[in-house]
Q: 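First, the structure itself, so that you have it in front of you.
Throughout, numbering of the chain's residues begins at 1 and tracks the sequence.
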Amino acid sequence: MIGLRTGPPETILRGGRIHATVQGTADASAIAIAGGRVVAVGSDDEIDAIADDRTTVIELGGRAVTPAFVDSHTHFHRAALVRQLYLDFDVLAPRDHDQLLGQVATRHAALPAGTWLQGDSLRPSALAEGVLPDRRALDRVCGDRPVVLRGIGKHVVLANSAALAAAGIDATTPDPPGGRIERDEDGQPTGVLHERAKLRLDSSAVDTVIPSPSREARLDAIRAAIADVHRLGITTIHEMIRLPEEADDLASLHALGELPLRVRLSYRVFETPITLEHLAALGIRRGFGDAWFGVLGIKVSVDGWCIFGNAAVEEPYVGMAGDRGLMRIEPAELRTLVVAANARGLGVALHAVGPRAVDAALDAFEAAGPATAGPYRLEHGHLDMDERRLARMRELEVAWSVQPALLPAYRADWEAILEPARVDAIMPLAAGAALGIPILLNSDVPSGPQAPFAAIRAAVTRDAGGRRIGADQGISLVDAWRGWTTIPHAVAGERALGALLPGATADLIVLSADPFDRPADTLTDLAVDATMLDGRFVHGGPRDD
């Protein structure tokens, strides 16, 4: 037995398979917890010997225990609002324009006069027509109130005429740098706005005309979303903050003692009201906060999103007339931001999907010199990632943050705009792992499904629903599981989290079966029977609330 000198444990889990260090084989059969910490791991007999009549003993019956999941790239606040307050097209799943417009009409009839109608997670590829409808179609079902329907990741917006008018977008509005306004044959906006062309219809813009929900509605949505992530076995998120109100809402819940979730913030300091100078004036740097609510650093989006043809690629997208995507920030400005953030003790995460954006991100990291606040993070890096770029990531000690659950989710989108060989080259995880690059696996919710088992399965098997994308680029189950548990904590510099050894914080999950003792194809059959956060069950198991 390995243990600390302490009194009797409050809780014992015994008769199971304890994967304390996530090596693929169980480290012990029992674990003891007290004061929010692991105090001992060992055999059933060894752990039984330190219990007394006040100890709660839980029989695992052969079930597995691992460290709890970390979703290390989320838009949790936004996802919570989408689920509770807007049309969520990921759930509604319209099959064509008629069904989509019918859903808009139904929502229109239910809303009070003067309220904007908002929707999210819309995908052209999910519609029979393969494209979004235009503003005139929206006007026919909802012409007397502004309508804004956001695409996956908020990279594209579909707006009706009333919303365009409210934002002052018309035929005379030029395409801004890093954005594109779709226009009809008469030069009029169709209502489809790409990336920075969202202008005042971007809810992150300083001068946005889109109203925010009330504070109480936002807080209620977050409370419901926390319960959802507990059921998934998630106890920590790395949240990408766009708006001051997002950080304020989470901080308010924390102050009220109503944030049973570890939240690590990365502030977007470009294309949002938040600036690097603002953070510096407040003295905010990595480590600011406490064990529950703290700061990692900043995030900047270098390019757009690939499924809309907006990621910055070198080879044009298929069927898009030579389109090579959009750079949302000039490389020189990006370098200035990264250098300044690193000098001020802030971690830096850069959204870069296509190779031109990846090169700009790596150039910025190199210009900033060695990271002062934990490893630099490259978010996504999905398209055309070759050996040279991966080797450069390793040389610069960059961590790679990727979303393998997108392989099945976006397969049809990628196949529509990329040649087969480029589809197979998406997310070359095995090549990155072979170089020793730290790989964090996460969801990017609501841009992707928040489903740890599905993400781990896809990372191992590369199964994209009837096709294995880049079948030789699967990583081991141990590496994939660590990408959702131990590696994010290590990258964040959190030594007390990510392993279940004596002295560690007791964030753990009880699984219906041992994931390391079954085919990877069956991982999605697993269930999270219980989630423990700081030594207390927040899902399943005996609870004291």
Side-chain angles (χ1 to χ4, degrees), residues 13 16-24 31 38 63-76 79-80 225-240 259-264 291-292 296 399 401-406 438-460 475-492 494 496-500 504-516 520 523-541:
L13 286 73
R17 306 182 75 171
I18 313 299
H19 293 274
T21 55
V22 191
Q23 300 295 327
I31 184 168
V38 176
R63 292 175 295 171
V65 172
T66 82
F69 290 133
V70 181
D71 196 344
S72 53
H73 182 130
T74 69
H75 304 274
F76 174 77
I226 290 172
D228 289 340
V229 298
H230 287 163
R231 286 189 284 271
L232 294 171
I234 296 168
T235 59
T236 302
I237 61 171
H238 294 182
E239 174 76 337
M240 308 299 165
L259 189 69
L261 186 68
R262 301 186 194 280
V263 179
R264 312 294 184 244
W292 291 93
L296 288 177
S401 168
V402 289
Q403 303 75 39
L406 300 187
I439 298 177
L440 299 84
L441 305 185
N442 45 60
S443 72
D444 197 13
V445 65
S447 295
Q450 195 168 36
F453 295 140
I456 293 169
R457 180 185 185 277
V460 175
I475 57 176
S476 72
L477 177 55
V478 168
D479 284 345
W481 206 276
R482 288 172 63 82
W484 267 93
T485 54
T486 66
I487 293 174
H489 285 306
V491 168
E494 296 169 335
L497 290 158
L500 300 175
T505 302
D507 284 14
L508 59 81
I509 51 177
V510 179
L511 302 168
S512 57
D514 192 336
F516 301 100
L523 287 174
T524 49
D525 296 335
L526 290 173
V528 176
D529 287 349
T531 303
M532 177 178 278
L533 171 63
D534 206 45
R536 294 181 59 250
F537 285 104
V538 292
H539 161 64

Q: Report yes if some heavy atom in the side chain of Ile456 is under 4.5 Å from a heavy atom in the side chain of Leu477; otherwise report no.
A: yes

Q: According to salt bridge (charged side-chain N to carboxylate O under 4.0 Å, His left out), who are the partners of Asp507, at least two apart in sequence or on a separate chain?
A: Arg262

Q: Is the shortest side-chain heavy-atom distance between Leu441 and Ser401 below 4.5 Å?
A: no

Q: What residues, two or more places apart in sequence or in another chain, satisfy side-chain hydrogen bond (donor to acceptor under 3.5 Å, both in side chains) together with Thr505?
A: none

Q: State, with a plain yes or no, whether a side-chain heavy atom of Val38 is found less than 4.5 Å away from one of Ile31.
A: yes

Q: Are any of the side-chain heavy atoms of Leu259 and Ile226 separated by less than 4.5 Å?
A: yes

Q: Can you list every pair that meets salt bridge (charged side-chain N to carboxylate O under 4.0 Å, His left out) and has a residue in residues 440-457, with sequence neighbours left out?
A: Arg457-Asp463, Arg457-Asp521

Q: Any side-chain to backbone donor/acceptor pair from Glu239 onto Phe76? Under 3.5 Å, distance only.
A: yes

Q: Trp484: which residues meet the side-chain hydrogen bond (donor to acceptor under 3.5 Å, both in side chains) condition with it, sequence neighbours left out?
A: none

Q: How would you list, by chain and number, every residue that makes a ring-ring contact (aromatic ring centres under 6.0 Å, His included) with His19, sequence neighbours excluded?
A: Phe516

Q: Determine yes or no for a side-chain-to-main-chain donor-acceptor pair under 3.5 angstrom, with Thr485 supplying the side chain and Pro67 the backbone.
A: no

Q: Can you see which heavy atom on Ala79 is nearest to which on Val445, and at what distance?
A: CB-CG2, 4.0 Å

Q: CG of Leu261 to CD1 of Ile237: how many Å apart, nearest 0.5 Å?
A: 5.0 Å

Q: Rounded at 0.5 Å granularity, tell me how far CG in Leu526 sits from CG in Asp514.
A: 9.0 Å

Q: Locate the shortest heavy-atom distance separating Val528 from Leu232; write the atom from each residue and the value.
A: CG2-O, 3.7 Å

Q: On a heavy-atom basis, which atom in Ala399 and which in Val491 lie closest, and how many Å separate them?
A: CB-CG2, 4.3 Å

Q: In Å, rounded to the nearest 0.5 Å, how long is the span from CG of Leu508 to CG of Asp534?
A: 11.0 Å

Q: Among all residues two or more places apart in sequence or in another chain, which pass the salt bridge (charged side-chain N to carboxylate O under 4.0 Å, His left out) test with Asp228?
A: Arg231

Q: Do you know which two heavy atoms are closest between Pro449 and Leu406, and how far apart they sit?
A: CD-CD2, 4.2 Å

Q: I need the minimum non-hydrogen distance between Leu296 and Ala492, along with the two atoms involved.
A: CD2-CB, 3.9 Å

Q: Going by the rule side chain to side chain contact (heavy atoms under 4.5 Å, CB included), which residues pair with Ala504 if we only count those two or more places apart in sequence or in a different chain?
A: none

Q: Test of understanding: with ring-ring contact (aromatic ring centres under 6.0 Å, His included), list the residues that count as partners of Phe453, not counting sequence neighbours.
A: Phe69

Q: State which residues pass salt bridge (charged side-chain N to carboxylate O under 4.0 Å, His left out) with Arg482; sequence neighbours excluded, sorted by chain then number.
A: none

Q: Within the distance-only criterion (no hydrogens, no angle test), does the side chain of Ser512 pair as donor or acceptor with the backbone N or O of Ala527 below 3.5 angstrom?
A: yes

Q: Run the salt bridge (charged side-chain N to carboxylate O under 4.0 Å, His left out) test against Arg63 and tell me which residues pass, sequence neighbours left out.
A: Asp529

Q: Could you give the distance from CG (Asp71) to CD (Gln403), rounded to the nearest 0.5 Å?
A: 9.0 Å

Q: Ile509 and Met532: side-chain contact (heavy atoms from CB on, under 4.5 Å), yes or no, with the steps?
A: CA-CA 6 Å; Ile509 51 177; Met532 177 178 278; over 6 Å; no

Q: If you take all heavy atoms of Thr74 and Ser443, which pair is closest and at what distance?
A: CG2-OG, 4.4 Å

Q: For Ala530, what residues pass the side chain to side chain contact (heavy atoms under 4.5 Å, CB included) criterion, not counting sequence neighbours?
A: Val510, Phe537

Q: Can you name the residues that form a side chain to side chain contact (heavy atoms under 4.5 Å, CB included) with Pro488, not counting sequence neighbours?
A: Val70, Ser72, His238, Leu440

